[in-house]
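Read the structure below first, then the notes.
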Amino acid sequence: MTRWFDTAMLRAVLARDASADRVVPPEGFTVRLTLFTAAAMAFLAVFALALSLAAGRLATSWGEELARASTIRISAPRDQMAEQTAAALRVLEQTPGVREARALSPDEQRALLQPWFGPDLPLDQLPVPQLIEVIEAEDGYDSEGLRLRLQAEVPGAVLDEHTRWRRPLVEAAGRLRTLGWVSMALIAAATGAMVTLAANAALAANAQVIAVLRLVGATDGYIASAFVRRFTLRTLAGAAAGAALGLGALLIMPGGGDTGGILTGLRLQGWHWMLPLLVPPLAALVAFLATAHASKRVLEGLT
């Protein structure tokens, strides 16, 4: 029994046998169940793959871009703001490890606050702190030393290295990536379970046909190969349709642009567009293994 499970079934899937195909009913609820399950699971698998890849890109982007960025926030009276800003910039120019430092313009600060307060925020009438963007060099800078200098020379300045909120964001993106891969594994398991259920139902419904085939000399390997071929090809066809629908849905999703978000960055990039093409053959492989196992177990029970 194990020998035809390993070799003959695979050959039967690759080489069409018209007489063997007639063993399996060409229509019925098992056909619809297999096609629908394969299409739905492939559709979900494409989105799980896109979510995992988008989360990976987001984690990399946040890790690389924010790791070298810091912010200095200056809170001072209006008549002292320009003086303290200039003093902070002088301190940064003299700090080893600081590659670039610049004060954000009113328009840039307004753009940062726009999602919360709208586009017509009157910055000149509100006590909004002045922000200075700090980009560190490869070797980095002494943050404690910089804090002491700012405390001494710019009393209203506060250094924020982004570490306390950057790390949770990167960890969350990494967990989303892991969740995407776990979702794909669960989708594969669910596909295998549904195909197994459909194969069991088809084998049980054709018990009398199987008994007649045995009487005329058909081997269990021949009978099982017919079921494996039909269910594998049905799964491949359904998964191909589902993957195509998933790719079409991704094409109409908005691009990530410069926002780097999850929901706006689900579209695949570059060679990643080739990865969904692996979903149908992988679904067919799952169906092959599931049907082979189910047919072996059911046929042994019918002896």
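Worth saying up front: this structure is predicted, and the values here are computed from it rather than measured.
In the hydrophobic cluster analysis, where Ile, Leu, Val, Met, Phe, Trp and Tyr join through side-chain heavy atoms closer than 4.5 angstrom, Ile74 is grouped apart from Leu148. Two different hydrophobic clusters hold Val286 and Leu282 under the rule that ILVMFWY side chains link at heavy-atom gaps under 4.5 Å. In the hydrophobic clustering of this structure, Leu186 does not group with Val195; members are Ile, Leu, Val, Met, Phe, Trp, Tyr whose side-chain heavy atoms approach within less than 4.5 Å, directly or through other members. Note on Phe288 and Leu236: separate hydrophobic clusters, where clusters join Ile, Leu, Val, Met, Phe, Trp and Tyr whose side-chain heavy atoms are under 4.5 Å apart, directly or indirectly. Hydrophobic clustering of Ile, Leu, Val, Met, Phe, Trp and Tyr side chains at less than 4.5 Å, counting indirect connections, keeps Val158 apart from Leu131.
In this structure, the separation between CD1 on Ile135 and CG on Leu92 is 11.0 Å, given to the nearest 0.5 Å. Atom OG of residue Ser183 and atom CG of residue Leu44 lie 9.5 Å apart, to the nearest 0.5 angstrom. Between Gln94 atom CD and Leu146 atom CG the span is 11.0 Å, to the nearest 0.5 Å. With rounding to the nearest 0.5 Å, the separation of CE in Met184 from CG in Leu179 is 12.5 Å. Here the straight-line distance linking atom CG of Leu197 with atom OG1 of Thr37 works out to 8.5 Å at 0.5 Å rounding. Here the straight-line distance linking atom CZ of Phe231 with atom CG of Leu33 works out to 8.5 Å at 0.5 Å rounding.
The heavy-atom pair separating Thr235 from Thr34 by the smallest distance is OG1-CG2, 3.5 Å. Nearest heavy-atom pair across Thr85 and Ala103 is CG2-CB, 4.0 Å. In terms of heavy atoms, Ser70 sits closest to Leu159 at CB-CD1, 4.2 Å. Heavy atoms only, all atoms of each residue included: Arg73 and Pro129 are closest at CG-CB, 3.5 Å. When all heavy atoms of Phe47 and Ala249 are compared, the pair lying nearest together is CZ-CB, 3.5 Å. In terms of heavy-atom proximity, Ala283 sits nearest to Ala239 at CB-CB, 3.7 Å.
No cation-pi contact links Arg32 to Phe36, judged by a cut-off of 6.0 Å to the six-membered ring centre and 45° from its axis.
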Does the pair Glu153 and Arg90 meet the rule for a side chain to side chain contact (heavy atoms under 4.5 Å, CB included), with working shown? CA-CA 10 Å; Glu153 302 183 32; Arg90 285 195 301 270; over 6 Å; no
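Using a 4.5 Å heavy-atom threshold, the side chains of Leu53 and Leu275 count as touching. Between Leu104 and Ile132 the shortest side-chain heavy-atom distance does not fall below 4.5 Å. Contact check for Thr71 versus Glu133: no side-chain heavy atoms found under the 4.5 Å cut-off. Counting only heavy atoms from C-beta outward, the side chains of Ile72 and Val154 never approach each other to under 4.5 Å. The closest side-chain heavy-atom distance from Leu247 to Pro276 is below 4.5 Å. Side chains of Thr196 and Thr291 form no contact here, defined as non-hydrogen atoms less than 4.5 Å apart. Between Ser75 and Met81 the shortest side-chain heavy-atom distance does not fall below 4.5 Å.
No more than 12 heavy-atom neighbours from other residues, nucleotides or ligands sit within 6.0 angstrom of CD on Gln151.
Taking Arg175 as the reference, nothing meets the salt bridge (Lys or Arg N to Asp or Glu O under 4.0 Å) condition, with sequence neighbours excluded. Every residue meeting the salt bridge (Lys or Arg N to Asp or Glu O under 4.0 Å) condition with Glu108, not counting sequence neighbours, appears here in chain and number order: Arg102.
The closest donor-acceptor contact from the side chain of Ser52 to the backbone of Ala48 lies at 3.5 Å or more, if one exists at all.
Ion pairing between Glu144 and Arg147 holds under the 4.0 Å rule for side-chain N and carboxylate O.
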